[in-house]
Protein chains: 4
Amino acid sequence: MSDRIQSPDARLERSRQAILDSTRELLAEGDVGSLTVESVAARSGVAKTTIYRRWRDKWELALDAVMIDWLPRFDDPVDVGDTREELITFIDSVVRSLAVPPQGPAMRGLISRIATEPDLGRAYLDRVIEPRREQLKPVIERGIARGDLRPDTDLRLLHELLLGPVFYRLLLSGPPLDRDLSAGVVDAVLGAFSPRGARSNPKRRARR
Amino acid sequence: MSDRIQSPDARLERSRQAILDSTRELLAEGDVGSLTVESVAARSGVAKTTIYRRWRDKWELALDAVMIDWLPRFDDPVDVGDTREELITFIDSVVRSLAVPPQGPAMRGLISRIATEPDLGRAYLDRVIEPRREQLKPVIERGIARGDLRPDTDLRLLHELLLGPVFYRLLLSGPPLDRDLSAGVVDAVLGAFSPRGARSNPKRRARR
Amino acid sequence: MSDRIQSPDARLERSRQAILDSTRELLAEGDVGSLTVESVAARSGVAKTTIYRRWRDKWELALDAVMIDWLPRFDDPVDVGDTREELITFIDSVVRSLAVPPQGPAMRGLISRIATEPDLGRAYLDRVIEPRREQLKPVIERGIARGDLRPDTDLRLLHELLLGPVFYRLLLSGPPLDRDLSAGVVDAVLGAFSPRGARSNPKRRARR
Amino acid sequence: MSDRIQSPDARLERSRQAILDSTRELLAEGDVGSLTVESVAARSGVAKTTIYRRWRDKWELALDAVMIDWLPRFDDPVDVGDTREELITFIDSVVRSLAVPPQGPAMRGLISRIATEPDLGRAYLDRVIEPRREQLKPVIERGIARGDLRPDTDLRLLHELLLGPVFYRLLLSGPPLDRDLSAGVVDAVLGAFSPRGARSNPKRRARR
DNA sequence: GACTAAGCGAGACGGTACGTCGCGTCTTAAA
DNA sequence: TTTAAGACGCGACGTACCGTCTCGCTTAGTC
């Protein structure tokens with residue numbers, strides 16, 4: 001991804017912003033398929049060369065551009081005294097983010113590249129997934145403390161159980177992305193990791 | 001998708017098979033990005049035109065080709081007397097399918113098109129998701145009968161809760177795709193939909 | 001060119017006519033560029049194979065088709081007692097023929113093939129140019145007898161002097177193709193081949 | 001036609017020349033039918049795209065290429081004191097040009113397009129026919145001054161009478177294109193446009 | 001205050017693959 | 001045997017974007 005965040009030269013930052021802005025505008029208008037390095041250059045009044053100087057290709061640019069919109073939306077979860085509520089808030093912020101353009105369509109268009117190119121995959125992991133998992137950690141800890149979750153709750157699996165269905169619906173099984181979905185997956189997760197209940201099957205975690 | 005013509009002419013079926021075979025070979029060798037209509041034509045000894053006569057573009061062809069490998073793998077779940085086991089078997093068939101090339105890489109490369117083009121999305125829905133959901137239905141019914149699942153279990157949500165995390169790991173959070181994952185998601189689902197336990201929260205399904 | 005004029009099988013002749021008719025219709029509608037073997041087959045209700053059985057390619061077919069319209073138009077010149085008039089009539093039949101669709105456009109489209117492929121060139125020579133030259137011969141002979149033309153008048157050159165400007169205008173220097181042109185070239189020819197002096201015809205240059 | 005950009009960048013002119021050279025080479029080797037944009041690209045070491053950036057299609061390219069050979073050959077007619085001689089020189093420059101490859105074959109192959117596509121027709125008119133007609137004008141004026149031609153001589157018709165037979169022979173009635181032809185058409189024209197009587201030139205024309 | 005080098009705009013270019021068109025061949029089944 | 005029907009191999013088309021590559025021009029920041 002583009003480094004060189006801070007520059008001695010103001011032009012650097014100015015053209016960088018113009019490029020990212022135009023990219024987001026174009027993503028909002030069409031889908032990733034119609035995003036073209038040339039169209040970005042044209043709209044931002046920047047030379048194609050300048051874009052390639054900073055991003056390897058249009059996919060890196062697009063991912064950068066959408067992450068700018070994404071990241072600020074995900075505030076640290078606050079303690080509201082209710083694990084279920086906190087989890088729903090956590091997951092619903094993603095659901096709401098993806099439910100509105102251009103985030104949903106952009107993600108749909110980018111996902112193959114993220115899943116396919118190690119660089120992009122790692123960027124997404126480092127800049128989105130890991131931070132989000134870290135944000136989730138205190139929620140889980142509070143949940144354990146409250147007795148809502150089992151002490152050995154697996155953070156990674158829980159994270160995937162929360163977000164997987166959201167993306168599955170976004171990508172494959174189709175709309176709607178709404179609060180019902182958020183609540184549904186949270187309840188599933190709570191069921192899975194709650195300390196109570198008959199499900200404490202002794203052979204439960206017998207490996208393959 | 002390609003209309004499967006019941007043809008009096010064997011050439012039809014022969015060239016169709018040659019195309020699909022070559023496509024799968026190429027998918028197994030590289031990723032979807034390096035799959036080219038021209039390379040398929042070259043390898044299968046078929047004219048490019050013949051490919052375009054049957055498939056709109058390389059994405060439809062690729063999806064057709066991978067589905068040929070997929071579909072037969074998904075047998076109807078058998079009653080083994082254990083809901084958890086049946087669900088794990090169900091989900092693990094997908095996990096194992098995606099864990100080996102070319103299915104996993106192919107899916108990673110195709111997902112954006114499936115998520116983006118209505119035709120492909122519908123094809124995937126009709127030919128993969130819906131049939132699988134139908135296969136899941138008797139498992140659920142048996143689970144309800146056994147008292148393992150609540151009678152009002154939502155088939156669609158359950159299906160998404162099972163498969164979502166698998167695809168999330170395939171596409172975003174990274175490997176491994178293994179039996180632990182299958183077991184983990186099944187336990188989550190069983191927790192979510194089990195009739196017992198404290199989680200039967202009355203305000204549980206309060207809408208947004 | 002297609003031989004097999006008479007056939008023991010009536011189907012032969014019937015499909016042959018259907019093909020030629022459709023070809024002429026299509027030529028009248030568009031130009032040669034949009035004449036397609038497939039469109040001919042479609043319109044005439046005949047299989048493409050049947051067309052290729054009789055004509056080497058669409059150019060032979062097209063030439064055959066337009067010649068059907070052409071040839072009957074060129075009647076043997078009648079003796080009207082005036083060489084200039086007879087020549088003008090002779091040349092003007094060509095001018096008028098080419099001035100109306102589809103003959104003009106068809107000729108414009110076919111000319112490169114005629115000029116380029118020996119078979120077509122020969123066919124045109126044998127079936128159009130030579131017969132026309134023969135038709136011209138008695139006119140010349142009468143002209144010589146009347147003292148309007150020199151006895152050593154070169155038939156071939158005269159023929160070319162008459163028709164060349166017509167085709168030049170059709171193909172290169174642009175419209176109009178009209179009676180002025182016919183008269184102009186005839187006067188030139190008469191000038192060229194008249195025994196000296198006699199050609200000073202007072203009404204010679206009465207224009208349109 | 002290709003806009004001749006006065007470029008600060010030498011690459012422009014270099015690739016332009018490479019393309020035109022290759023085109024002429026290929027035209028000299030085969031006919032227009034075997035001229036292919038792809039073959040031009042291959043031979044000139046230029047990308048197909050670069051060709052299409054400058055010429056609409058292979059026909060415009062071919063016409064441009066042959067005109068480069070043509071135009072410089074047609075010098076302004078010089079006053080030699082003899083109208084007949086000047087006219088023969090004028091017309092014979094065309095005859096000789098067309099008599100040798102690749103000009104003749106190229107013209108045969110291009111003529112349909114020139115006659116058919118307004119853009120090409122206009123280009124030919126503007127860049128070949130009109131300038132040639134202008135070159136002819138002083139010859140005519142001198143001829144009138146000398147009393148060899150009538151004062152109301154129609155330049156356009158005269159031009160067509162001169163060139164028509166040449167092209168007619170090139171395209172339809174077949175070879176040879178030689179000096180006899182040039183002399184023949186010039187004599188015809190002189191006959192047509194001479195002030196009455198004067199044309200009785202004793203040495204006028206011993207035919208072949 | 002002029003000098004110099006980095007950053008930039010402009011845009012031509014080689015290249016890959018696309019999806020399309022129409023050709024002429026070939027195979028099959030019905031008439 | 002001839003035909004209609006139509007799949008097929010093939011070659012070229014013209015297009016879209018890619019990512020690379022000069023070329024000056026601008027514009028700081030340095031001497």
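Proteins come first, then strands; the chains are lettered A, B, ... in the order of their sequence lines, and each starts at number 1. The model shown is predicted, which means the values in this text are computed figures rather than measured ones.
With sequence neighbours left out, the side-chain hydrogen bond (donor to acceptor under 3.5 Å, both in side chains) criterion links Ser39(D) to no other residue. Ser44(A) is linked by a side-chain contact (heavy atoms from CB on, under 4.5 Å) to Ala18(A), Ile19(A), Ser22(A), Val40(A), Val46(A), counting only residues two or more places apart in sequence or in another chain. Residues meeting the salt bridge (charged side-chain N to carboxylate O under 4.0 Å, His left out) test with Lys58(B), sequence neighbours left out: none. With sequence neighbours left out, Arg113(D) forms a salt bridge (charged side-chain N to carboxylate O under 4.0 Å, His left out) with Glu117(D).
Residues from residues 30-47 of chain D placing a heavy atom under 4.0 Å of any atom in DNA chain E, listed by number, are Gly45(D), Val46(D), Ala47(D).
Here the P atom of nucleotide dT15(F) and the CG atom of Asp57(B) are 21 Å apart, to the nearest Å. Computed from coordinates, the Glu60(D) CD to dC13(F) P distance equals 14 Å when rounded to whole Å. Here dC23(E) presents its P atom at 10 Å from CG of Leu61(C), a figure rounded to the nearest Å. Between the C1' atom of dA5(F) and the CD1 atom of Ile51(C) lies a distance of 13 Å, rounded to the nearest Å. Look at CZ on Arg14(C): it is 15 Å from P on dT2(F), rounded to the nearest Å. Rounded to an integer number of Å, the gap from Tyr52(D) OH to dC13(E) P is 16 Å. Atom P of nucleotide dG7(E) and atom CD of Gln17(A) are separated by 18 Å, given to the nearest angstrom. Atom P of nucleotide dT15(F) and atom NZ of Lys58(D) are separated by 15 Å, given to the nearest angstrom.
Taking only side-chain atoms of Thr50(C), from C-beta outward, the nucleotide of dT3(F), dC8(F), dC13(E) with the closest atom is dT3(F).
Checked by atom type and distance alone, the side chain of Asp57(A) pairs as donor or acceptor with a backbone atom of Glu60(A) at under 3.5 Å.
Looking at Lys48(B), its side chain comes within 3.5 Å of the base of dG19(E) through a donor and an acceptor atom. A donor-acceptor contact under 3.5 Å is formed by the side chain of Thr49(C) with the base of dG6(F).
Put simply, Arg54(B) has a side-chain N or O that comes within less than 4.0 Å of OP1 or OP2 on dC8(F).
Among pairs with a residue in residues 36-46 of chain A, those fulfilling salt bridge (Lys or Arg N to Asp or Glu O under 4.0 Å) read Glu25(A)-Arg43(A), Glu29(A)-Arg43(A), Glu38(A)-Lys48(A), at least two apart in sequence or across chains.
A salt bridge links Asp21(B) and Arg24(B); the closest N-O separation between the charged side-chain nitrogens and carboxylate oxygens is under 4.0 Å.
As judged by a 4.0 angstrom heavy-atom cut-off over every strand, Arg53(A) is placed among the base-contacting residues.
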